[in-house]
Amino acid sequence: MNYLLIIIILPVTLLAQTLDVQVLRVQFRYEETDNSLTTGRGFFEKSRGEVDYWQKHINFAKNYFEQLSGGKVSIDAKYYGIYTLPKFMIEYNRTSRKKGEKMEAFDSARAALYVEFINDVLELAKNDITPREQGKQRVIMIAHAGANRLVDGGTMGTRGANTPGDFMDTYIDSTWGEFWPGFEVAPGDSIKSVIVTSETASQDGLNWGINGTITSQIGRELGLPYSFDVVKGYSRLGYFDGMDFAGYNAGNGFFPSMPSAWMRAHKGWAKVREINKKETVEIGVGDVVKIPINSREYILLENRQRTTRADGKVMVGTTDMLVDSIYSKKFLDTVSVVEYIDQIDAAIPASGIAVWHVNDWYVRELLPQGAINAWNGPNQKDHQFGIALKEASGVLGLGKEFKNSAGESIFYFGSGSDLIPHKRMKSADTVFSIFDTGYANTASTFGGYSGVKITAKIPSGATPEKSFNGIIGDTIITWRALKYEVEIEWVGKYARPIPREEWPYTPTDADFEPSKAPDFTRILEDIDNDGVLDGIFIGNNRLYAVDTNGVPLKNYPVILSNGEPFMDFNSKPLALDIDGCGALEVLIPTNNGLILAVKDGKLLKDEFPLSAGIFEYEKPDTLLLYLHNLNYLFAKHRDGISAFYLPEAKEFIKNAPSEFKGVDEITEFFIFPNPIRQGRASIRYRIGNVPSGITLDIYDITGVKVFSKAVLKSEEPLDLSNLGSDVYSARLTVKFASGKRKEKWVRIGVIR
């Protein structure tokens, strides 16, 4: 055996978690005639059935988790004899639907057959399985003959796998629900979780390892969730997370990457420092920095390095040769296994600062299912991510499918352009920052403005490295460094989030009480700046503003969302001059934790909506606002209070009441009700300057004038009892003192 192995002596520590992996080697009834739907004939390919082969894979996992956890995880293993099932491999797997069978029924049938395979194996081995030892965690690992159909290649490609009868290697536990409730091996001793892995990852002799499969499944047993989309099967975090299928297949499955910052923090394997004010922080390899966005969402920063060695090398320990899972005559008797690697992240695309967005509520919702990302159905689509990588290039490509020049499907799993800092060879600019706006930003799940700007500086003496981005077709430069200085700041011209230590005052429940609106409630403010108070109130997905006559102001009502509507408001809007322009803007608190802003009948986009809370399914909660000393806005949502400094806010000075604005125009003209019944109606109009005469004329459908009246005031009653049932055209003519003449037409209906 050839070992390129660095021996690292770790200090003796108290191990927080010890895992006992009991390996059952399993083969099937031998196929005298090879079944083309499955790999092999049911028996192990010689050395892959030996204890030594599987021991090396477990050794890799042992080294991987000891490094990852800083010695807090220890893995022991026991190996049992080869068990032979009386059934052919294909009997445990259906490859196609029956006529008229729905996909859901087909998937259920496949799951049932998979569980049958698990139970048959455990039934054969139950007398050998060792009971769980005190202080240890036990998991059964079924290592079976054959290949993993998910890494198939061949002439039909990875999606049209040419051995569809192979197993899909997976981790089985309580998340399988009624399909697999567990297996009792002895009274009072039940198996609650099983790892399933094949002898080789690929059916067609590709150079592909299975270390990633084993480490990811052991990770699940240790309490790490899957990070890919467990519903659609899409990669979410790419090569940068070892619990995403792209991450555990990094380096072709030989060198699975390290789980991302949240995973390690979740297990207590990483030191986490929280930053909530402007600061430049040094981030070393293994460090994690947390930046709150609101009470349930935050940003995590980490320094990911392909190698921490000064010479840039990676030391690998193998047996014989690096050809794990390759099948050929040359290597039939000498199958190699990567047993050790001194740099866990050797196979990630590049080195640099990774910026992660975490929706803590959504993560907690999915964790019982062993996941953190999942498709939410056609209505929610991709609005919710438990964890997402902020792709610094602004090209959001992780997990997406593309076509190469040959028309083949390829998938993007990450490159150096997803990290900061990075530089494209074809560009003169270096990307140092993740901003508070733009495609790659620090906004909340639903686009709430966080104000967080993150900038990574290139360390002195850092080593430049090259990687390639297949989407943009360019070489990417990143820098290898053990430590990065990262500047964290909160920005915002009109509204800047501020930490608690900058609060000038701590608001009480009584301060927020006036913001509540249990029933229909309006506020009175001069929103159009004409010296007359207007009524402002919120309805389902709309902000309304009406004058003293109940007529909607120009550009109102305002639609608050063109996507999922905002509904069930239980708090009042707040009007203030937030930008110091001399006019009022309206802030709308929504139940999902966003503060919208409207100016001149339009939603503000710069720095709005503000992130002040978080959405939760079927759990709406009122967002309350409190304005303190004009320049400090407080927002209370669920169990958290957010604060914003408003540097440009000014006291609003109301204009003196004025009937006219000095503009020769007719801004509004109505006859109501419409249609008119019993001849009773009223006229309502608004004009912008002093008139010398106002006339109302009504014409029938032939153009004959049937009614004319000099109008003296708005809201004047009209007697139209002489008009028959029909549709009429009404014209309001205004002669202004300046000599100008303006007209406005409306259509009215009359019902006798």
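When reading the values below, keep in mind they use all heavy atoms of this one structure, side chains included, and skip hydrogens, waters and symmetry mates. In this chain, numbering begins with 1 at the start of the sequence shown.
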> Do Ser198 and Asn148 have a side chain donor and acceptor closer than 3.5 Å?
Replying inline: no
>> We want to know whether Ser235 and Asp244 form a side-chain donor-acceptor pair, criterion being a heavy-atom distance below 3.5 angstrom.
In response: yes
> Arg138 pairs by side chain to side chain donor-acceptor pair (under 3.5 Å) with which of Asp20, Asp189, Asp76, Thr18?
Replying inline: Asp189
>> Side chains of Tyr412 and Asp418 only: does a donor on one sit below 3.5 Å from an acceptor on the other?
In response: yes
> In terms of the angle between their ring planes, are Tyr53 and His57 parallel, tilted or perpendicular, with boundaries placed at 30° and 60°?
Replying inline: perpendicular
> With a 3.5 Å cut-off and no angle check, do the side chains of Asp128 and Tyr83 form a donor-acceptor pair?
Replying inline: yes
>> Students often mix this up, so state it plainly: with edges at 30° and 60°, are the rings of Phe411 and Phe413 parallel, tilted or perpendicular?
In response: parallel
> Does atom NZ of Lys136 have more than 12 heavy-atom neighbours, drawn from other residues, nucleotides or ligands, at distances under 6.0 Å?
Replying inline: yes
>> Nearest 0.5 angstrom please: Phe117 CZ to Leu122 CG, how far?
In response: 9.0 Å
>> Determine whether a donor-acceptor pair (N or O, by modelled atom type, separation under 3.5 Å) exists between the side chain of Asn359 and the backbone of Glu297.
In response: no
>> Test your reading of the model: is there a side-chain donor-acceptor pair from Ser351 to the backbone of Arg306, 3.5 Å cut-off?
In response: yes
> With sequence neighbours left out, what residues match Glu116 under salt bridge (charged side-chain N to carboxylate O under 4.0 Å, His left out)?
Replying inline: Lys87
> With sequence neighbours left out, what residues match Phe43 under ring-ring contact (aromatic ring centres under 6.0 Å, His included)?
Replying inline: Tyr30
> When you measure from the side chain of Tyr171 to the backbone N and O of Gly219, does any donor-acceptor pair fall under 3.5 Å?
Replying inline: no
>> Keeping Tyr64 on the side-chain end and Ser257 on the backbone end, is there a donor-acceptor pair under 3.5 Å?
In response: yes
> Ignoring hydrogens and geometry, is there a side-chain-to-backbone donor-acceptor pair from Asn63 to Tyr340 under 3.5 Å?
Replying inline: no
> Do side-chain atoms of Thr163 reach the backbone of Gly165 as a donor and acceptor pair under 3.5 angstrom?
Replying inline: no
> Do the charged groups of Asp229 and Arg236 touch, with an N to O distance under 4.0 Å?
Replying inline: yes
> Considering all heavy atoms of both residues, which atom of Ala392 and which atom of His422 are nearest to each other, and what is their separation?
Replying inline: CB-CE1, 3.8 Å
> Ignoring hydrogens and geometry, is there a side-chain-to-backbone donor-acceptor pair from Glu199 to Gly146 under 3.5 Å?
Replying inline: yes
>> One pair to check against side chain to side chain donor-acceptor pair (under 3.5 Å): Thr39 and Asp166. What are the steps and the verdict?
In response: CA-CA 7 Å; Thr39 300; Asp166 284 339; 2.6 Å; yes
>> Which residue in the set Ile341, Ile210, Ile214 passes side-chain contact (heavy atoms from CB on, under 4.5 Å) when paired with Phe60?
In response: Ile341
> Going from CD1 on Ile283 to CG on Leu482, what distance comes out if it is rounded to the nearest 0.5 angstrom?
Replying inline: 13.5 Å
> Is the side chain of Asn249 donor-acceptor paired with the backbone N or O of Asn252 at a distance under 3.5 Å, no angle test?
Replying inline: no
> Centre of Tyr80's six-membered ring, under 6.0 Å away, within 45 degrees of the axis: is that where NZ or CZ of Arg25 sits?
Replying inline: no
> Will you find, in the side chains of Trp479 and Glu465, an N or O donor that is under 3.5 Å from an N or O acceptor?
Replying inline: no
> Below 4.0 angstrom, N of the basic side chain to O of the carboxylate: do Glu133 and Lys78 qualify?
Replying inline: yes
>> Can a side-chain donor-acceptor contact be found between Ser227 and Asp241 if the only test is distance below 3.5 angstrom?
In response: yes
> How would you list, by chain and number, every residue that makes a ring-ring contact (aromatic ring centres under 6.0 Å, His included) with Tyr484, sequence neighbours excluded?
Replying inline: none
> Does a side chain donor of either Gln17 or Lys267 reach within less than 3.5 Å of an acceptor in the other side chain?
Replying inline: yes
> Distance from Trp375 atom CH2 to Tyr234 atom OH, nearest 0.5 Å?
Replying inline: 9.0 Å
> Thr170 and Gln217: side-chain donor and acceptor closer than 3.5 Å?
Replying inline: no
> Judged by modelled atom types alone, do Asn469 and Ser417 share a side-chain donor-acceptor pair under 3.5 Å?
Replying inline: yes
>> Could you measure the distance from the CG atom of Leu85 to the CD atom of Glu123? Nearest 0.5 Å is fine.
In response: 11.5 Å
> Hey, are Arg304 and Asp345 close enough for a salt bridge, meaning a charged N less than 4.0 Å from a carboxylate O?
Replying inline: yes
>> Students often mix this up, so state it plainly: with edges at 30° and 60°, are the rings of Phe28 and Tyr92 parallel, tilted or perpendicular?
In response: tilted
> Under 3.5 Å, is there a donor-acceptor pair linking the side chains of Glu221 and Ser193?
Replying inline: yes
> Considering all heavy atoms of both residues, which atom of Ala265 and which atom of Ala270 are nearest to each other, and what is their separation?
Replying inline: N-CB, 4.2 Å
>> If I compare all heavy atoms of Lys62 with all of Ile75, which pair ends up nearest, and what's the gap?
In response: NZ-O, 3.1 Å
> Is it true that a side-chain atom of Asn373 and a backbone atom of Leu366 form a donor plus acceptor pair closer than 3.5 Å?
Replying inline: no
>> With a 3.5 Å distance limit and no angle check, can you tell me whether Lys72 reaches the backbone of Gly268 through a side-chain donor-acceptor pair?
In response: yes
> Which heavy atom of Arg273 sits nearest a heavy atom of Val281, and at what distance?
Replying inline: NH1-CG2, 3.1 Å
>> For a quick test of reading the model, state the closest non-hydrogen atom pair linking Met243 to Ser216 and the distance between them.
In response: CE-O, 3.2 Å
>> Which heavy atom of Gly416 sits nearest to which heavy atom of Ile476, and what is that distance?
In response: C-CG2, 3.6 Å
> Does any donor atom in the side chain of Asn119 or Trp180 lie under 3.5 Å from an acceptor atom in the other side chain?
Replying inline: yes
> Are Phe167 and His144 near enough that their ring centres are under 6.0 Å apart?
Replying inline: yes
>> I'd like to know if Arg264 pairs up with Glu302 as an ion pair, taking the criterion as any Lys NZ or Arg NE/NH1/NH2 lying under 4.0 Å from an Asp or Glu carboxylate oxygen.
In response: yes
